[in-house]
Amino acid sequence: MACVLVAVGINLYLPYLMRLVIDGLTEHSLDQAALVRLLATYLGLGVVSVVFSRLLRKIPLKLSHKIEYELRADVFEHLTGLDQEYFRGERTGDLMTRMSSDVNLVRDAIGQGLLQGIRTVAVLVLASIVMALTEPSLALLVVALYLPMVGIFFLILRVMRVRQKDLQEHVSEVSNFSQESFSGIRCIKGFALERRRNAQFEELNSGLIKKTMMMQASRQSLWPFMAFWFCLGMILILNLGGRKIIAGELTLGTLTQFIQYLLYMQWPLLALSWTTSLMQRGKVSWDRIREILDREPKIKHRTSNVEPDEFRSQNMEPQNVEVDGRSPSEFDIPCSTFCGSTSSSIEFHNVGLTIDGREFLHNVFLEIPAGTTLGITGPTGSGKTLLVSLVARLMDATNGAVKVGGTDVRDLPLGQLRGMIGFAAQEPVLFSRTLEHNIGFGVVKPDKDLIGWAAEVAHLRSDVESFPEQYQTMLGERGVTLSGGQRQRTAISRAIARRPGILILDDVLSAVDTQTEAAIMEKLQPVMNERTTLFVSHRISTLHYADEIIVIEDGRITQRGSHAELIRQPGYYAELNTMQQLEEKLEEGS
């Protein structure tokens with residue numbers, strides 16, 4: 001504001017100096033010394049104006065980039081705090097557009113919009129006051145001329161606001177279509193749908209161009225409209241001012257001063273269309289960003305979400321340990337070397353889960369003592385994954401309570417609860433980083449010994465050694481360069497590398513053969529014995545390692561017991577065992 005007042009004030013004073021020079025020379029009342037003083041003053045003030053004009057541009061532009069940084073960080077942090085339900089209803093491409101394009105438009109609105117907006121308002125207000133004091137009749141003419149211009153101007157802005165919102169939504173559509181196409185490129189190529197997909201993108205892109213041109217048509221119409229109005233104003237002022245000079249009511253210097261003010265107002269008036277366009281685009285984008293920031297997570301913690309330092313150090317930071325002079329990377333290491341995390345009991349008390357009016361879990365009562373392994377099986381869609389998700393509080397039970405270590409999970413800080421859990425999901429998500437980074441992703445300071453141990457337990461070591469760069473091998477997006485079995489074993493390695501007190505393995509051996517499965521379970525069993533483990537699987541050969549097995553059908557626990565007990569009971573488990581034994585015999589016969 002200080003820079004604006006100084007710069008604008010000087011620029012409004014300079015035409016007055018020009019008036020003194022012109023009138024003095026016209027009336028022959030100005031000597032050479034006075035002329036030099038006026039010109040020197042003009043030059044000095046011009047230099048000061050340049051300095052403050054430079055600061056006027058630098059300050060808001062620097063501010064806008066700082067706000068862009070903070071806003072993007074706030075949006076990202078807020079998104080990471082939202083629960084899974086939000087992301088199930090949102091498209092990745094749309095979120096990316098809001099994080100990039102919309103944030104950039106808000107930055108431009110704050111930077112250039114703030115810069116030109118404050119300057120424009122200051123010029124129009126102060127120049128109008130000075131013109132009114134200089135020659136009231138000419139000032140009144142200018143006001144009468146520009147009032148209808150402002151009305152038309154804001155009508156155009158209303159059209160621009162609607163078109164800008166429509167345009168930003170279409171940009172999100174293009175981003176989302178591109179993201180889905182690139183993520184599913186193998187499916188597109190597998191079905192030879194490149195031509196159809198290209199045609200769909202061409203149609204989408206064509207619509208984007210049309211909406212962009214409509215937006216630009218509204219936006220660019222402001223410039224010639226303002227320029228025309230300015231030319232009309234100049235003609236009227238020269239006509240009225242010229243008549244006054246002829247009549248001896250006005251001096252040439254005063255008219256020149258007035259014209260200089262009008263010329264000085266020309267750029268702010270022309271920039272007004274650009275500035276308001278920026279502000280409109282920024283407002284639309286800000287509304288889209290606010291939709292994210294205003295969204296509250298449905299999974300809320302009753303206590304602080306900050307992970308205690310002592311918990312972090314005990315459960316997430318591995319130690320470099322040598323046994324018998326060998327590092328764990330040489331393997332054949334006792335599990336106790338890396339399995340030093342305290343396990344916790346898990347309890348389900350009358351747990352029910354309803355999503356969108358549909359009940360998925362019904363009156364689940366379950367107690368899992370600390371250090372035991374619970375096998376979970378059942379038909380597809382029976383609620384197995386939902387059950388284990390309640391432990392990690394990826395969603396909350398509709399009724400009842402889930403307790404870990406005797407404490408309701410809703411009373412535990414989310415960071416602490418999830419920090420004690422190693423979760424290997426049915427569909428593992430790997431990042432476009434090194435294999436080492438993906439295995440140690442859940443650890444604060446992973447080291448090579450821990451990474452090697454985790455890979456060995458998941459029976460991944462031999463595969464890694466066959467890679468040219470071994471643990472430094474870069475994985476494609478979502479681990480596309482690995483096979484399905486390798487991705488699942490990487491997910492297992494990631495889960496156990498955390499040394500969690502609770503280990504959740506959600507059908508993570510479905511993509512491996514029976515021989516690999518047996519090798520993994522042989523290595524994994526000592527790890528499971530050191531912690532409370534929930535093991536979801538459809539394979540009897542895997543489930544028989546569990547201390548206890550439950551069968552879930554239609555959201556209810558229908559069977560419960562050890563492997564030996566369940567195969568003697570009529571029901572789903574015995575039928576599954578019989579069917580898999582028959583499959584094994586058929587495979588051996590073939």
Side-chain angles (χ1 to χ4, degrees), residues 312-323 326-343 373 392 418-426 428-431 433-467 469-475 479 481-506 508-509 511-512 516-535 542 545:
R312 181 191 298 264
S313 61
Q314 291 173 7
N315 293 279
M316 298 189 70
E317 293 189 2
Q319 300 178 356
N320 295 321
V321 181
E322 290 192 358
V323 179
R326 295 186 299 167
S327 68
S329 58
E330 298 178 55
F331 309 108
D332 297 329
I333 301 290
C335 179
S336 57
T337 302
F338 282 103
C339 297
S341 184
T342 304
S343 58
T373 298
R418 293 171 182 171
M420 69 174 70
I421 296 174
F423 201 127
Q426 186 175 1
V429 176
L430 303 182
F431 300 92
R433 301 286 294 276
T434 64
L435 183 60
E436 180 181 54
H437 172 86
N438 277 277
I439 295 176
F441 183 74
V443 183
V444 176
K445 296 179 180 178
D447 60 18
K448 293 182 179 179
D449 295 340
L450 179 63
I451 299 299
W453 170 80
E456 173 68 9
V457 171
H459 199 63
L460 189 62
R461 177 193 177 193
S462 57
D463 297 66
V464 174
E465 290 179 345
S466 67
F467 299 154
E469 299 182 24
Q470 299 190 358
Y471 290 100
Q472 298 306 314
T473 300
M474 292 294 297
L475 306 186
T481 55
L482 300 180
S483 67
Q486 289 171 338
R487 287 198 295 272
Q488 287 189 335
R489 283 177 282 163
T490 302
I492 295 173
S493 300
R494 175 193 292 170
I496 63 176
R498 303 193 73 183
R499 299 180 300 160
I502 298 174
L503 182 62
I504 300 177
L505 304 176
D506 185 6
V508 291
L509 299 179
V512 300
T516 304
E517 174 195 357
I520 293 174
M521 292 306 301
E522 182 181 356
K523 296 279 187 179
L524 194 58
Q525 191 172 9
V527 178
M528 295 165 60
N529 292 337
E530 296 287 338
R531 49 195 33 84
T532 307
T533 305
L534 303 181
F535 204 115
T542 302
Y545 287 95

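All figures in this text were calculated on a predicted structure; none of them were measured in a lab.
Note: Phe535 CZ to Asp506 CG = 10.0 Å, rounded to the nearest 0.5 Å. To the nearest 0.5 Å, atom OG1 of residue Thr532 and atom CD1 of residue Ile502 are 6.0 Å apart. Ile439 contributes atom CD1, which lies 15.0 Å from atom CZ of Arg498 (distance to the nearest 0.5 angstrom).
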TODO: Kindly indicate, with the supporting measurements, whether the criterion side-chain contact (heavy atoms from CB on, under 4.5 Å) is fulfilled by Ile496 and Leu524.
DONE: CA-CA 9 Å; Ile496 63 176; Leu524 194 58; 4.1 Å; yes
TODO: With side-chain contact (heavy atoms from CB on, under 4.5 Å) as the test, would you mind laying out the steps for Trp453 and Val527 before giving the verdict?
DONE: CA-CA 11 Å; Trp453 170 80; Val527 178; 3.9 Å; yes
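Judged purely by atom type and a 3.5 angstrom limit, Ser493 uses its side chain to pair as donor or acceptor with the backbone of Ala454.
For Ala425, the side-chain contact (heavy atoms from CB on, under 4.5 Å) partners two or more places apart in sequence, or in a different chain, are Phe423. Scored by the side-chain contact (heavy atoms from CB on, under 4.5 Å) test, Ala424 finds Ala491, Ala495, Leu505, Val508 as partners (sequence neighbours excluded).
When all heavy atoms of Pro500 and Arg531 are compared, the pair lying nearest together is O-NE, 2.6 Å. Here the closest heavy-atom approach between residue Glu456 and residue Lys523 is recorded as OE2-NZ, 2.9 Å. For the pair Met521 and Met528, the tightest heavy-atom approach, listed with the atom from each and the gap, is CE-SD, 4.0 Å.
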